[in-house]
Amino acid sequence: MVGSEKKSLVFAYYVTGHGFGHATRVIEVVRNLIQAGHEVHVVTGAPDYIYTIETQSPRLFIRKVLLDCGAVQADALTVDPLASLEKYNQTAVLPRDSILATEVEWLKSVKADLVISDVVPVACRAAADAGIRAVCCTNFSWDFIYADYVMSAGYHNRSIIWQIAEDYSHCEFVIRLPGYCPMPAFRDVIDVPLVVRRLHKTREKVREELGILDSQKVLIYNFGGQPAGWKLKKEYLPEGWICLVCGASEDQEIPSNFIKLPKDFYTPDAIAASDVLLGKIGYGTTSEALAYKVPLVFVCRDHFNEEPFLRNMIEHYQAGVEMIRRDLLNGCWAPYIERAVTLKPCYDGGVNGGEVAARILQDTATGKHHTSHGLSGARRLRDAIVLGYQLQRITGKDIAIPEWYSLAQNELSSLTQLPNKEVLDNSSLTRQSDYFTILHGDHQGLPDTLGFLKSLAEMESSDRPQNNNKLQTRDHLAASAMFNWEEEIFVSRAPGRLDIIGGIADYSGSLVLQMPTRESCHVAIQRNHPSKHKLWKHAQARLPKEGPTAVLQIVSLGPELGNRGPTFDMNLSDFVEDGQPITYEKAYNYFARDPAQKWAAYVAGTILVLMTELGIHFEDSISILVSSGVPEGKGVSSSAAIEVASMTAVAAAHGLNIDPRHLALLCQKVENHIVGAPCGVMDQMASACGEANKLLAMVCQPAEVLGLVDIPPTIRFWGIDSGIRHSVGGSDYKSVRVGAFMGKKIIKSSASVELCSSLSNISTQQMNRSNPDDADEDEKNLLETEASLDYLCNLSAHRYEACYATRLPESLSGQEFVEHYLDHDDSVTTIDKERNYAVRAPTRHPIYENFRVKAFKALLSATPSNYQLSALGELMYQCHFSYSACGLASNGTDRLVNLVQEMQHSKSSESEGGTLFGAKITGGGSGGTVCVIGRNCLRSNEQLVEIQQRYKTATGFLPYVFEGSSPGAAKFGHLQIRLLKSRQI
């Protein structure tokens, strides 16, 4: 409780309009402020009872006004990103001037001493305009949440992010709650313990009132202020259990073993009286589950960026079990509940965050200044970049990166075997013969492969009864329990790729040059007869009554940073309908329905593609372990590495001999049709067909390998990660691809019109009994070719400039294009009629890029010289700026390219004859990695280290450098291994 003050203060507390979770924690802070004798005006859209059930006081005033909307949800688990942005625009952007005027006037009328926001953006700006200090109290901010929405659905709404961040910047600091997200807009932070509502009644009293015996096991079903409305059935619960249902509608029918709680029932009391909590991960649910040591069975939601941070906290204190979404909907609850009830939550931190926060607010309102961590602007920007703040950056100070996140990142690196030049040494990894007999293949001494084999052996060891008490991550536990360790296991390996030059021109048929990275993905696979397959408990619960069926189980190591579930399982019969493989569209919808497990489409999709394209029948159960050291979102083809490694492993385990080129094309179908990302084929080709320290030269029409190009010993390539997440599923990449295909269609249409005119002229000449000259005939042949143009890159640059450049519009609306041309003839993208697309720049880029790549390839065989390096570097710079013209630039990648240019043209570098010569953004652009070309010498590495440090100084983020290469999947082949008998028990 806050100590008494002589002066009674007035607080204006703004509460966001999303759900009830914010309101439930606000009331705990409000209660402490009122107990200290202060007056609190709560501005909220939540029902009055949320506040009055806890505090009934003449000093509590509730003003029903909604100034933001949070996230628009179709149900408790599904967010509509675009609808959320549009509603925010209607609620807070369009009426902004009116809102500010009203709030400034109101704040002055109540004579507020301090404005508190959780976390209504405009309240912070209104406070500044009224000359009143403002503080936020939260675990996340809406700019971070909406950034995901903007990137996935509404990039044209990104100005909303700027406005929200600017509003937050008017706060003096943020009172940061445990489980916090990155919040780069705030200038300063003060950390407090969990804010948790106090209990009103004992566990025994609550059970007595509800007629529940103390010996009965109780589940509480709570999805917060977003009622689920799903049909509940008696058999969902384990035998003898009772379920308390929160938020049920009055007309919802429930079985006899379910109890519907009144809407104003005090939820913390119900949680504390229960044995297990089933719900979503939100701050209120998480804090109360931890505080009252009730295990939480949770279901992940899509587009909730706060979840990975809260989830990490739950699992750190051994209080959480993830339920697969389809098991929630299908009623397969029992295995999860029975697992959760065995947990012993161990949270031992403070739960008096409401009291601590109230004291800080009281001190701030009386003029005291709280000092926090003395954080720098670089750290603030690092908070944005490292943890996925996906748009352009705003300047200012920073908050610290959560310590647990840094630890998780380090742990993930060790799990996924990211190479470390200083640590990895073949001799330190122990010989593979200490663990497995290699029946087929060769590990080739690759450090990451040796590390993966060691990880497999450690999983086998942890599956032994005497080691069950060792603390392990949930992904390792799942993997150790799914393999029959005495049976054979197949292992594949596929690298990522560094886009040297060619990039997004691949889908337009360009020549591309790609280098496999040293970083790679490993997949271990085992097939077993369904009767002998080791199944997880929830998978067993779904087995049909008629007997065992073929099941696919997948474990992904290190899922923490991607907010994805570590496991996935399905009956392989789900891929069959009426005796035939299901359509790719149905498969896409199958995986898309649960975003936390959508990652499995990259792996499981390879099986469906083999069924569909090659007619393969899978009758055995399959267990797959995926461990990728190719960082996600860096533009180095992490997804292609997973697809290629997965399909290679599936093929090896089933005795399929698939040509590497064909395998890459099959993997592209996985990404295009089942994952739904409109990528070209160069990523899969490089991962499958590449070789160490060579460039794969390929014409993407669709995938014709010209051969391998030796990298001259005087030249070296590096990749530098900008820290800005890249996605080929993002709106920018898709719109540029659509624009290029629009341009091709317009060119073909123009050529057809010209061809008709040319044929008419020739016909007229023949009627006049004069022979057409050779020039007319040549022009007719060119126009015939261009009227049937299959790939943009088959149009020469000079023909483009001479005949078509001026006919292409700078941009065109989808509606106008469809009216004139019907379709853009691209099977993996669709035209949004409401959107405006750039056309000229996306069309021009692949035509000129194809020319640049051909010149680049020819120059690599030239006599080594500074002229050679300078010319190669110039081609890369031209490529980079052409990406920018298409709208695929980013602040981070531009900064890195500029740093390379500064280094190249510095006096010290020029006096040494130059070491770095060029750089370009790679892959799909809009972030990711920059490729750098330089002289293969020690000084180049020193300059790269200097660039790293300069980038860190400017952004706070130390970029990862990709260097070195490794064999593609075909060159590596596969391993067939069996555990040594000496290790079997």
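As the structure is a computational prediction, the values presented were derived from the model and not from experiment.
- Atom CE of residue Met647 and atom CD1 of residue Ile658 lie 6.5 Å apart, to the nearest 0.5 angstrom.
- Residues Asp826 and Tyr507 are not in side-chain contact: their nearest non-hydrogen atoms beyond the backbone lie 4.5 Å or more apart.
- Applying side chain to side chain donor-acceptor pair (under 3.5 Å) to Ser637 and the options Asp499, Asp683, Thr922 leaves one that passes, Asp683.
- In this structure a side-chain-to-backbone donor-acceptor pair under 3.5 Å is missing from Asn571 to Ser573.
- One finds the CD1 atom of Ile616 at 9.0 Å from the NE2 atom of His654 (value rounded to the nearest 0.5 Å).
- Side chain of Ser687 to backbone of Pro495: a donor-acceptor contact under 3.5 angstrom is found.
- Here Asp790 contributes atom CG and Asp825 contributes atom CG; the two are 11.5 Å apart, rounded to the nearest 0.5 Å.
- Pairing each heavy atom of Val276 with each of Ala340, the nearest pair is CG1-CB, 4.0 Å.
- Here the closest non-hydrogen pair linking Leu812 and Asn836 is C-OD1, 3.2 Å.
- In this structure, the separation between OH on Tyr221 and CG on Leu277 is 12.0 Å, given to the nearest 0.5 Å.
- Contact detail for Val79 and Ala71: the closest heavy-atom pair is CG1-CB, 4.2 Å.
- With no hydrogens or angles considered, a side-chain donor-acceptor pair links Glu819 and Gln815 at under 3.5 Å.
- Between the side chain of Ser492 and the main chain of Ala645, a donor-acceptor pair closer than 3.5 Å is present.
- Note: Tyr236 and Trp333 have tilted aromatic rings, judged against thresholds of 30 and 60 degrees for the angle between ring planes.
- Formation of a donor-acceptor pair under 3.5 Å by the Ser621 side chain with backbone atoms of Val551 is found in this model.
- Checking side-chain atoms of Lys233 against main-chain N and O of Gly331 turns up no donor-acceptor pair under 3.5 Å.
- At distances below 3.5 Å, at least one donor-acceptor pair connects side-chain atoms of Lys280 with backbone N or O atoms of Phe223.
- Partner of Gln684 under the side chain to side chain donor-acceptor pair (under 3.5 Å) criterion, chosen from Arg497, Gln668, Glu671: Glu671.
- At most 12 heavy atoms of other shown residues, nucleotides or ligands fall within 6.0 angstrom of atom CD in Glu585.
- Under the 3.5 Å distance criterion, the side-chain polar atoms of Ser84 are matched with a main-chain donor or acceptor of Asp80.
- The backbone N or O of Phe483 sits less than 3.5 Å from a side-chain atom of Lys534, completing a donor-acceptor pair.
- Minimum interatomic distance between Glu306 and Ile145 (heavy atoms only, all atoms of both residues): N-CD1, 3.8 Å.
- A distance-only check finds a donor-acceptor pair linking the side chain of Arg527 to the backbone of Ala653 [under 3.5 Å].
- Tyr837 and Phe817 have their aromatic ring centers separated by at least 6.0 angstrom.
- Atom OH of Tyr588 has 12 or fewer neighbouring heavy atoms from other residues, nucleotides or ligands inside a 6.0 Å radius.
- The backbone N or O of Cys679 sits less than 3.5 Å from a side-chain atom of Asn672, completing a donor-acceptor pair.
- Relative ring orientation between Tyr149 and Tyr146 is described as tilted, the plane-to-plane angle lying within the 30° to 60° band.
- No more than 12 heavy atoms of other residues, nucleotides or ligands shown are found within 6.0 angstrom of CZ on Arg339.
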Side-chain atoms of residues 574-581: list all donor-acceptor pairs with protein atoms under 3.5 Å, sequence neighbours left out, distances to 0.1 Å.
unit_1 : atom_1 : unit_2 : atom_2 : d
Asp574 : OD2    : Tyr590 : OH     : 3.1
Glu577 : OE1    : Lys586 : NZ     : 2.5
Glu577 : OE2    : Lys586 : NZ     : 3.3

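- Minimum heavy-atom separation, Cys521 to Val630: N-CG2, 4.0 Å.
- Between the side chains of His673 and Ser827, no donor-acceptor pair of N or O atoms lies under 3.5 Å.
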